[in-house]
Amino acid sequence: MKLITRCKYLLSGGGQIRSCQSILFLLLILTAAKRAGAENGHGLWLRKGKTISVTVTCRSSAAMVQLACAELRENWCGKPGENITIALKPDKAIKGDGFILTPHSIQAATPAGVLYGVFDFLRRQKCRQDASITSNPSYGRRVLDHWDNLNGTIERGYAGKSIFWRDEKDSLRVTGQDRKLWRAYARANASIGINGAVLNNVNAAPPILSGRYLKKIKEIADVLRLYGVRTYLSVNFASPIVLGKLKTADPLDPEVIKWWQNKIHDIYTVIPDFGGFLVKANSEGQSGPQDYHRTHADGANMFADALRPYGGIVMWRAFVYSASDNDRAKQAYAEFMPFDGQFRDNVIIQVKNGPVDFQPREPFSPLFGAMKKTSVMPEFQITKEYLGENIHLVFLSTLWEELLNSDTYQACKGSTVARCTDGSIYPQKYTAIAGVANIGLDSNWCGSDFDQANWYAFGRLAWNDHLSSALIADEWLKLTFSPDSLTAAQLSAAHNWQNNFLAPVKDMMLKSREVMVNYMMPLGLHHIFSANQHYGPGPWYAPKNVRVDWTPPYYHRADATGIGFGRTRSGSDAVDQYHQPLADEFNGIKTCPDKYLLWFHHVPWTYKMASGRTLWDELCFHYQDGLQSVRNFQKLWDTVSGYVDEQRFNDVQSKLRKQCHDAQVYKDGCLLYFQTFSKMPFPTGYERPVYDLPYLESIDPLTMERLPFSNKK
Ligand code: BDP
């Protein structure tokens, strides 16, 4: 940018330009600089290439079908002059919004299906995949949960402020710019099959249901609908009291029921295709039915009955735990299992992937597959609250793939989490999956280029829960970094793109989550973050005035004898919430997979691991491997500079530098602290710490830098 301004200044006669040659030279630099700065990431995986002519034949005049035709014409990148037919016509092979593609046709039973078919067709062209396929969605509702507050901030958001709300006097005003952004957002979602958005934080502010906000919600819904994205809201259980001035929010109270019925009627009057409610009740201080000695089923069913006439659903969260000595990992199962079969068929219990909280690694929540008479949906976190925010490069697809493919054994062998929730095993009237969005006003939407891959991966897996992360990474890289928009010099090197860029960068993405687990919390360690920031390490963090289950020592339980929680039958017995053979497998120290060892077992420091090392040495080498791998990522990224535009190259490079620093802080912080219990020396061949413990304990957990010199990321 500076360079452009400088060139403009010189060209306008402000400098010492004396010859045409110099002007020509400057023009060249100017063009190059413009190109280099052109990729701010706003185009996501939908970057525009050259337009090539194509003839699209379509009989339907439905608005969404016409939109799909326009997408096809404008983004066609196949042979020029081809004829493509679009048909809005049912077929017994098509389910829901699915579609059938042949190299010259796109057929679907619904307008949204046509749109998804077109986007899939275009993706296949760009990624050079076969275009003869029938594709049906795994989940009916594929929803992004925005944890956006009505003042424009985003809880656990790392990509700027909300795209929906803002903290200004005119926060409820809607501008043309807003509509343009919402449209681009809806289009990006549709391009990967996402068809729902919860517009506000699960920690819901009651005013969202007031008439003023409803007007704006209608405006948003009207834009999102163009691309088949339905609007949902998070609601606060206490709204009848706060907003309706009732004395109670008891879900069995006739006045309360009436209040909700009226509210729901108002919503559907202006948003006829409104999706329904997301509810966080009796969790982390939020109000809920238990405040009135009612059950989760009473609460959820009250909403379900009021929403049913309009086809709405209730996504009722199972993220509940109380500040007791009882193992937090066991509480959701203990609270919800007794109500299996008591929920209405338009209630879906929304379960986080792991039993604690979106950690870098957890075993799957034992509720998956166990609730056999209740609809259950997985909840993922796309925003990386516990995985390095928008700084660390972590491709979450492998984490989600691990969860979806986990065998619960609940119905039979092969009862994976995916099959237990997508309707393959249990009949569910509605199937759904949610991801906590990582989207904000940042020009690249997600706060970093590689975090866009996580939005993309969520959509792809929600559409097809059997996709491999390797395929998803391959597609995303081709769409996001394909060489068409590079400079001529870079283009000439494009034939090496596959080997020198695509293959190594894909490999980095696929390893990135395991690498993070290694430098942050290997071998089943979890929740050892400092304070409420969930960014820097804090295995030592245990202030007296903080709930114990919000402090790391509660989770790692390091002492002179060993480390790990102890959830076996001689401990909290969380293992028995799992179906056999998993319960026995997790219970046995020899049979428990290493990756979950310290989740389920309190293990002596000198315990001999399968590798032949002591637990202490094994822990040291995992941290070291993690750090070393980030260094390798840095080296690798430097080799691809010729294949990436300057802006995105530099952004990724500087984030990797910070990630490397942070990995060192994690490695040194955790091991020096645990060493105060193990009292064992660092093994031979292990790289010595570069920081000391007092320094690490004094740094700002938000930045992992020394205070007070810097306290922003
Ligand atoms: C925790 C987050 C908190 C959320 C909560 C939730 O730290 O900000 O409100 O989850 O999911 O992980 O409700």
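One-based numbering, in listed order, for ligands and for the atoms of each.
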Note to self: Below 3.5 Å, N or O to N or O, backbone or side chain included: is there any such pair between Asn532 and ligand 1?
What the structure shows: no
Next item on the list: Report yes if Arg156 has an N/O atom closer than 3.5 Å to an N/O atom of ligand 1; otherwise report no.
Entry: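 Yes - when backbone and side-chain N and O of Arg156 are compared with those of ligand 1, one distance drops under 3.5 Å.
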Closer than 4.0 angstrom, basic N to acidic O: yes or no for [X] and [Y]?
X      : Y      : answer
Lys655 : Glu389 : no
Arg361 : Glu402 : yes
Asp178 : Arg166 : yes
Asp340 : Lys372 : no

Next item on the list: Counting heavy atoms only, name the option from Glu385, Lys352, Gln350 that's nearest to atom 10 (O) of ligand 1.
Entry: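 Considering heavy atoms of Glu385, Lys352, Gln350, the nearest to atom 10 (O) of ligand 1 sits in Lys352.
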Checklist line | Pair His556 + His527: ring centers closer than 6.0 Å | finding: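 Ring-ring flag for His556/His527: false, centres at least 6.0 Å apart.
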Item checked: Trp550 ring center near Tyr541 ring center (under 6.0 Å) -> no
Next item on the list: Report yes or no: does Gln381 have a heavy atom closer than 4.0 Å to ligand 1?
Entry: no
Check: Please walk me through it: do Ile267 and Leu209 pass side chain to side chain contact (heavy atoms under 4.5 Å, CB included)?
Finding: CA-CA 9 Å; Ile267 296 174; Leu209 291 175; 4.0 Å; yes
State the atoms of ligand 1, each with its element, that fall below the 4.0 Å cut-off from a heavy-atom position in [X].
X      : answer
Asn203 : 9 (O)
Glu284 : 4 (C), 5 (C), 9 (O), 13 (O)
Trp147 : 4 (C), 6 (C), 10 (O), 11 (O)
His534 : 7 (O)
Phe319 : 5 (C), 6 (C), 10 (O), 11 (O), 13 (O)
Glu155 : 3 (C), 4 (C), 8 (O), 9 (O)

Next item on the list: Evaluate the criterion side chain to side chain contact (heavy atoms under 4.5 Å, CB included) for residue pair Asp357 and Lys352; output intermediate values, then yes/no.
Entry: CA-CA 7 Å; Asp357 196 359; Lys352 288 189 181 183; 2.8 Å; yes
Check: At what distance is the nearest protein heavy atom to atom 12 (O) of ligand 1, and which residue and atom is it?
Finding: Asp357 OD2, 2.5 Å
Note to self: Please list the nearest protein heavy atom to atom 13 (O) of ligand 1 with its residue and the distance rounded to 0.1 Å.
What the structure shows: Lys280 NZ, 2.6 Å
